[in-house]
Amino acid sequence: MGNRKQPFGYRMTLGEITILPEEAELVQFIFQGYSMGATLGELTKALCRQEIPYYEGRTWNKNMVSRILEDGRYIGEKGYPALIKPEQLRAAAEKRTARACPPQKTPAQKALRRLCGAPPSERVEKLVTDLLNELIRCPDRVRPSASQAVAACGKTREELTSALERQPIDEDNARALFLQLAAEQYDAIGNTEYETVRLRRLLTGRKPMTELDAELLQSAASKVRVTSNCVTVTLKNGQTIERRDQL
C-alpha cells in the first residue's frame with residue numbers, strides 16, 4: 001500500500017471509520033512514550049523492532065512518528081473515533097515546540113563557553129559559581145601568582161643562561177640580558193600585583209551569586225579548565241583555584 005487512505009490506527013469498514021486495534025495500540029504507545037521523554041529517534045527504533053508497519057513494505061521513520069504526533073484526528077476530530085485524550089495531543093505539541101526552540105544561552109553561559117573552549121554543562125556552571133562565591137566571601141584569598149612572573153621571563157632567562165655558558169662570555173650581551181630580565185620580572189610582578197588588588201576590590205562587598213554573573217566572570221577569570229571531576233579557574237592575576245566534585 002503506497003499511501004494510506006486513513007490515518008494510522010483506523011480503517012474503513014462498510015463505509016464507517018472504525019478503530020484498527022493493533023495500530024491503535026501503537027498510536028497510544030507513541031503518545032505515551034513521547035510524553036515520558038522518548039525522542040522521535042528512540043520511538044522509531046522501538047517501532048522498527050515490532051511487526052506492524054506504517055506502510056506495507058516500508059520501515060518506520062521519524063517522519064511517520066511525527067505525523068502521528070501532529071494528527072488532531074486521534075482526539076476525535078472530523079468524525080474519527082478518539083484514540084487519545086486532548087491533553088495528550090496538546091502536551092505532544094508543546095514538547096515538540098520546546099524541542100524545536102531550545103532555550104537561549106544566558107550571557108554567563110556564553111562567557112563561560114569562551115573561557116572553557118567548549119559548551120559547559122550545568123555542573124561546570126555550578127562549580128564555577130561556587131568558586132567565585134568563595135572569593136566573594138573571602139576576597140583575601142586572592143593572592144599574587146609568583147609562577148606567572150617566572151613564566152613571563154622564561155625565554156630571557158634561557159637566553160641569559162646560554163650566554164653565560166658560552167666562552168668567552170660576551171659581557172655586553174650578558175649585561176643587556178640581565179637588564180632585560182630584571183625589567184620583565186618587574187613588569188610581571190607589577191601586573192600580578194595590580195590584578196590582585198583590582199580583583200579584591202571587585203569582589204569586596206558583593207553578595208554571593210545565586211546564578212553565575214557574566215560581567216563578574218569576564219572581569220575575574222582568564223581561563224576555565226574542565227576535567228572529568230575537577231574545574232580549575234585561572235584568575236586574571238595568574239592565580240588558579242579549583243573545585244572537585246564531592247562524589
Side-chain angles (χ1 to χ4, degrees), residues 98-165 176-247:
R99 287 183 173 176
C101 303
Q104 295 296 311
K105 297 295 184 183
T106 66
Q109 289 167 336
K110 292 177 181 178
L112 185 54
R113 174 172 183 161
R114 289 192 292 271
L115 293 172
C116 291
S121 65
E122 290 184 9
R123 158 191 165 263
V124 170
E125 186 175 353
K126 181 181 184 305
L127 291 177
V128 171
T129 303
D130 290 345
L131 282 169
L132 292 179
N133 277 339
E134 289 178 5
L135 297 180
I136 288 173
R137 294 185 184 97
C138 186
D140 287 343
R141 288 189 58 190
V142 180
R143 301 185 182 92
S145 173
S147 61
Q148 187 177 12
V150 173
C153 309
K155 184 177 179 181
T156 302
R157 191 184 303 277
E158 289 177 3
E159 291 178 0
L160 177 59
T161 300
S162 297
L164 294 174
E165 290 175 348
L177 288 171
F178 267 123
L179 294 174
Q180 182 178 335
L181 179 60
E184 289 177 357
Q185 288 176 331
Y186 179 82
D187 288 341
I189 292 171
N191 287 336
T192 57
E193 289 284 358
Y194 167 79
E195 286 294 342
T196 297
V197 172
R198 184 186 67 82
L199 285 170
R200 286 177 180 171
R201 288 176 177 170
L202 178 68
L203 296 163
T204 299
R206 296 182 72 104
K207 292 182 179 180
M209 299 174 288
T210 55
E211 57 184 34
L212 190 59
D213 181 272
E215 185 177 347
L216 176 61
L217 176 64
Q218 293 176 105
S219 297
S222 60
K223 184 178 180 181
V224 176
R225 182 172 178 268
V226 180
T227 60
S228 60
N229 66 342
C230 181
V231 170
T232 303
V233 175
T234 302
L235 301 177
K236 289 290 182 71
N237 68 342
Q239 180 183 356
T240 59
I241 53 176
E242 68 176 34
R243 171 66 71 86
R244 297 180 180 275
D245 282 327
Q246 302 298 316
L247 300 177

>> Would R201 and T204 count as a side chain to side chain contact (heavy atoms under 4.5 Å, CB included) here? Give the steps.
In response: CA-CA 5 Å; R201 288 176 177 170; T204 299; 5.7 Å; no
>> With a sphere of 6.0 Å drawn around CZ of R198, does it hold more than 12 non-hydrogen atoms of other residues, nucleotides or ligands?
In response: yes
> Measuring from R200:CZ to N237:CG, what's the distance to the nearest 0.5 Å?
Replying inline: 8.5 Å
>> Run N229 and R244 through side chain to side chain contact (heavy atoms under 4.5 Å, CB included) and show every step you take.
In response: CA-CA 6 Å; N229 66 342; R244 297 180 180 275; 3.7 Å; yes
> With side chains defined as the heavy atoms from C-beta onward, is the minimum distance between Q218 and R114 less than 4.5 Å?
Replying inline: yes
> What's the spacing between T106 OG1 and L112 CG if we round to 0.5 Å?
Replying inline: 9.0 Å
> Do you know which two heavy atoms are closest between K236 and A221, and how far apart they sit?
Replying inline: CE-O, 3.1 Å
> Got C116 and V124 here, is their nearest side-chain heavy-atom distance under 4.5 Å?
Replying inline: yes
> Which pair of non-hydrogen atoms, one from V142 and one from T196, has the smallest distance, and what is that distance?
Replying inline: O-CG2, 3.6 Å
> Hey, what do you get for SG (C138) to CG (N133), rounding to the nearest 0.5 Å?
Replying inline: 13.0 Å
Can you give the donor-acceptor pairs under 3.5 Å from side chains of residues 206-214 to other protein atoms, not counting sequence neighbours?
| unit_1 | atom_1 | unit_2 | atom_2 | d |
| --- | --- | --- | --- | --- |
| D213 | OD1 | E215 | N | 3.1 |
| D213 | OD1 | L216 | N | 2.7 |

> Which heavy atom of L132 sits nearest a heavy atom of A220, and at what distance?
Replying inline: CD2-CB, 4.4 Å
>> Using every non-hydrogen atom in the two residues, find where S219 and L199 come nearest and quote the distance to one decimal.
In response: O-CD2, 3.9 Å
> Which one of D130, V224, I241 satisfies the side chain to side chain contact (heavy atoms under 4.5 Å, CB included) criterion with V231?
Replying inline: V224
> Between L235 and T240, does a side chain to side chain contact (heavy atoms under 4.5 Å, CB included) hold up when you go through it step by step?
Replying inline: CA-CA 6 Å; L235 301 177; T240 59; over 6 Å; no
> Do R141 and Q239 have side-chain atoms, one donor and one acceptor, less than 3.5 Å apart?
Replying inline: no
> salt bridge (Lys or Arg N to Asp or Glu O under 4.0 Å) between E125 and R123: does it pass, once the steps are laid out?
Replying inline: CA-CA 5 Å; E125 186 175 353; R123 158 191 165 263; over 6 Å; no
>> Is there a side-chain contact between T227 and R225 in this structure, where contact means two heavy atoms from C-beta onward sitting under 4.5 Å apart?
In response: yes
